[in-house]
Chemist: 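Structure below; questions to follow.
Here is the naming used below: chain letters follow the sequence lines, and residue numbers restart at 1 for every chain.
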Protein chains: 4
Amino acid sequence: MSHAILLISCPDQKGITAAITGFVAQNNGNIVHADQHIDEQSSTFFMRLEWALDAFRIADGDIQNAFSPIAQKFGMTWELSFSKTQSRVAIFVSKHLHCLQDLLIRHKVGQLNCRVELIVSNHPDGGKLAQEFGIAFAEFPVFKENKAEQEARQLELLKKHNIDLIVLARYHQILTSGFIRQYANRIINVHHSFLPAFVGGNPYFQAYQKGVKIIGATSHYVIEELDAGPIIEQDTVRISHRNELKDLILKGEDLEKAVLNRAVRWHLEKKILCYGNKTVVFD
Amino acid sequence: MSHAILLISCPDQKGITAAITGFVAQNNGNIVHADQHIDEQSSTFFMRLEWALDAFRIADGDIQNAFSPIAQKFGMTWELSFSKTQSRVAIFVSKHLHCLQDLLIRHKVGQLNCRVELIVSNHPDGGKLAQEFGIAFAEFPVFKENKAEQEARQLELLKKHNIDLIVLARYHQILTSGFIRQYANRIINVHHSFLPAFVGGNPYFQAYQKGVKIIGATSHYVIEELDAGPIIEQDTVRISHRNELKDLILKGEDLEKAVLNRAVRWHLEKKILCYGNKTVVFD
Amino acid sequence: MSHAILLISCPDQKGITAAITGFVAQNNGNIVHADQHIDEQSSTFFMRLEWALDAFRIADGDIQNAFSPIAQKFGMTWELSFSKTQSRVAIFVSKHLHCLQDLLIRHKVGQLNCRVELIVSNHPDGGKLAQEFGIAFAEFPVFKENKAEQEARQLELLKKHNIDLIVLARYHQILTSGFIRQYANRIINVHHSFLPAFVGGNPYFQAYQKGVKIIGATSHYVIEELDAGPIIEQDTVRISHRNELKDLILKGEDLEKAVLNRAVRWHLEKKILCYGNKTVVFD
Amino acid sequence: MSHAILLISCPDQKGITAAITGFVAQNNGNIVHADQHIDEQSSTFFMRLEWALDAFRIADGDIQNAFSPIAQKFGMTWELSFSKTQSRVAIFVSKHLHCLQDLLIRHKVGQLNCRVELIVSNHPDGGKLAQEFGIAFAEFPVFKENKAEQEARQLELLKKHNIDLIVLARYHQILTSGFIRQYANRIINVHHSFLPAFVGGNPYFQAYQKGVKIIGATSHYVIEELDAGPIIEQDTVRISHRNELKDLILKGEDLEKAVLNRAVRWHLEKKILCYGNKTVVFD
């Protein structure tokens, strides 16, 4: 069944919900999911509205225009999407392939509603997996000297494929701000620590040296500052003195797969709204 | 600040949300929280709506009547309440006092918005704690022979105090269906297992004998069938072969306190809706 | 590096640990891991001892005989194994392939120290996966009428391959007691519920109907009584009223993979001891 | 029943366990608990041994001397204690009293095997609670100018009461290194974040601003560097965008109580060994 989804944020004020749900009701839409949230600190209103289109009186292509007056009245930042439209995804990876493999398997069995168009890597290691799943693989070896040039080539490829979402599934290259700006809130990274603890390289080793009793993993949108973007999802697992570094990695990689998978799924299902450096996740 | 809260359930149909939120908007109410859920299996709509009353154009005492036509139109089961009205609570306890003590401390520091009117017990043990917190204590020794009579006396006392909610904080007596019917969906029990596992007596011992690797606790509304009412909240904790029965009890009692406290708080904040033998909890 | 591993249980008495560790020390063994546990209820002693063999004065093949007098003195049930010896594993599966796939991937990247010799199924579905990983696939369609005959053929095949461990990775056939007895404590099953809740068929549906707030999965050794064998590992995840049956399955399948993987790994690393209907897991 | 407990650490070498358990066996001791661990990175051996003294052939007062030769041979750092000896504890607190209250209740019902000798505070707030539990309360208002003087007076009081363990139950004063040195590995603090994230003041506010999806609490031994001492225990709880700062505090305070209680209990039961800046916890 075909659904429309509205993601909305605006300054909180009286009558917003009534106006939005009234629009759907008056045009004979049947609301399937409705979630809203008011952030008291900033007095901001957030809403995710999903309704069935089968008896809706406005054609898909005309909904954007029909809703615009309401959006304008309340000063909304908003995005309209349709459940039938599949996002086009590129997955970036380096040498650790467990997150890539997990995403590809979940995609294959229908857990991720998208098209995986491309696998991009700075190493050849992911090529075999790409081939097994029948997905194009593009290798861009990146060094200090050729970074600008390789990013330009990557961007060109992404544009060519009309990529909507970039997933960094353990891609061990820091993207330049120029690159990030072109995909604002559309690049999801997984960091193998419980952020903001253990930013940067070798977080499992950092955690092991520190002697923490719980380790974690974090998925987040990428911004210029390293490992500092809006957090989408986190998870943790208990460790003990019996666990050596290799055990931390064994346990942690399962967390990485879990938090990255959930972040990607929620993004594809239009369940995430960013504000400031935080996220609202209507899971 | 004074808020009104509507808890609504009805058959799902078009225009419900628009009608409800329209009612608030047209009367100049400012929505503070709105949660809704549609149970697809039974096609039932659930909503919790909370709005600020400071500029609302309808007087508190008239809201019930004003909203009635909408409720009637959609066939709603509904309940209107006000944040400023404190529920009147009776806590039933036997000899294990940890849940009672936890509730009383949380109440004292303001975590539970209610009046604790009474502590009722079939044993004298809770008397001292009641006294420390300045709450009336009523002892009703219960035996097979006097059960009907004692329940009648308890009900009389509860009526006298206009009790809205009964909390069974490890009360080891099975209430008769006659008693339960008078407080339908207003008696919350804590059971010291992960229901439906280990129904009935000595659940820690049952869990220990079974050799489970995780134990749990459950808070639920009381119905006639033992330990079978709508589940409100559950929590679990990991155990191992190193844990003896006394360790299960030590760990489990902390779970009991946690799940009972959350259930009581959510009930008082009007966040729970029952349907069939399940609950919707808008936490 | 080559290690020897002793798994021991016996009635608790003075001097056991000293005798065992003395045996290793006197023969110049270097203890790498030592875990012991005393079950107070039954007054039973359990130990897992792992020591490096590089400077050990007794040849691998002679350790069994050399240790026997100590074992006899204390009335031990015991098992000697060597880290370099890989167990031979058969995985049984029906139509749900997520656990099989997870095990095969973990095996491929070196997380499971064993040889996966066979994949056995009552359906053809797992064949493609078996082929991808280069493992023999044996299909035995099972009906009421041919069950005895098919089990006999399965047993013959298992014997031919010298199978040490059978993993039921969502194998939806109940094994006969005759079959089970031949692999006592060597058949690991995953059940998709938090046992002992929701024994038998369709546990996700049972959990959904019951309205629990947490679901679980359990791995256990198989005994004659259905879903009642010694529990090895359990895990749980929180759900809410927002989760439909398909969401319970989505969340639960990840639990199944986790608890089955851990059980198999611990079994292969000789970390599990059974007593009565419980397990000691020296993880 | 009277038990002896040995906590041992030393460079790993052959024959340690045999020597230690041989000592107990030869003198007719019955081992009740034995845990050992080898840290591979530093090649360090750790052991906790607990044995029953009822038939032990060495008098309590002579065990220290009798074991010394073994300790010397293996270069052990070691500590002998007896289950019947109760540690003498001082609890430091400021204005947040939930951790203090939780410890006092657990102590009262027998969960903490110690004597709570003193409650020390820089504010008068805890006085009433101290009185309710019949424990001496000492107020030391601390300002920049009188800090050295007040610490000297506190130390004098602690010495007078022969305090073995100091528990900082939300004591919002930074102790000087002079103070800390006198109670090395005998001061336990609770920090209301998942360390090393959110060191210093207002960790709940820091977590709220950062938009994390999970918050935590940490108990640790105090060293000179702020919030950086060996971590004993941590726990985490999931939050969402729906949780305001006050909800983080509500959830987090329950974590604080849990991790502080466990750390104090394990310390009192001699289950913790420090090495470098980490802990081994034989729970």
Chemist: Please report, to 0.1 Å, the donor-acceptor pairs under 3.5 Å made by any side chain of residues 51-80 of chain A, with sequence neighbours excluded.
Modeler:
unit_1: A:R57; atom_1: NH1; unit_2: A:Q26; atom_2: O; d: 2.8
unit_1: A:D60; atom_1: OD2; unit_2: A:K84; atom_2: NZ; d: 2.9
unit_1: A:S68; atom_1: OG; unit_2: A:Q64; atom_2: O; d: 3.1

Chemist: Of all residues at least two apart in sequence or in a different chain, which pass the salt bridge (Lys or Arg N to Asp or Glu O under 4.0 Å) check with A:D254?
Modeler: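 Checked A:D254 against salt bridge (Lys or Arg N to Asp or Glu O under 4.0 Å); matches are A:K257, C:R106.
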Chemist: Looking at B:F82, I want to see if its CZ is surrounded by more than 12 non-hydrogen atoms of other residues, nucleotides or ligands under 6.0 Å.
Modeler: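 Yes - once you tally the heavy atoms of other residues, nucleotides and ligands closer than 6.0 Å, there are more than 12.
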Chemist: Using non-hydrogen atoms only, which part of A:I31 is less than 4.5 Å away from chain B: side chain, backbone, both, or neither?
Modeler: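 Both parts, backbone and side chain.
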Chemist: Using the salt bridge (Lys or Arg N to Asp or Glu O under 4.0 Å) criterion, which residues pair with A:R186? Sequence neighbours excluded.
Modeler: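 Salt bridge (Lys or Arg N to Asp or Glu O under 4.0 Å) list for A:R186, sorted by chain: empty.
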Chemist: Which members of residues 7-22 of chain B, sorted by number, sit under 4.5 angstrom from chain A on a heavy-atom basis?
Modeler: B:D12, B:Q13, B:K14, B:G15, B:T17, B:A18, B:T21, B:G22
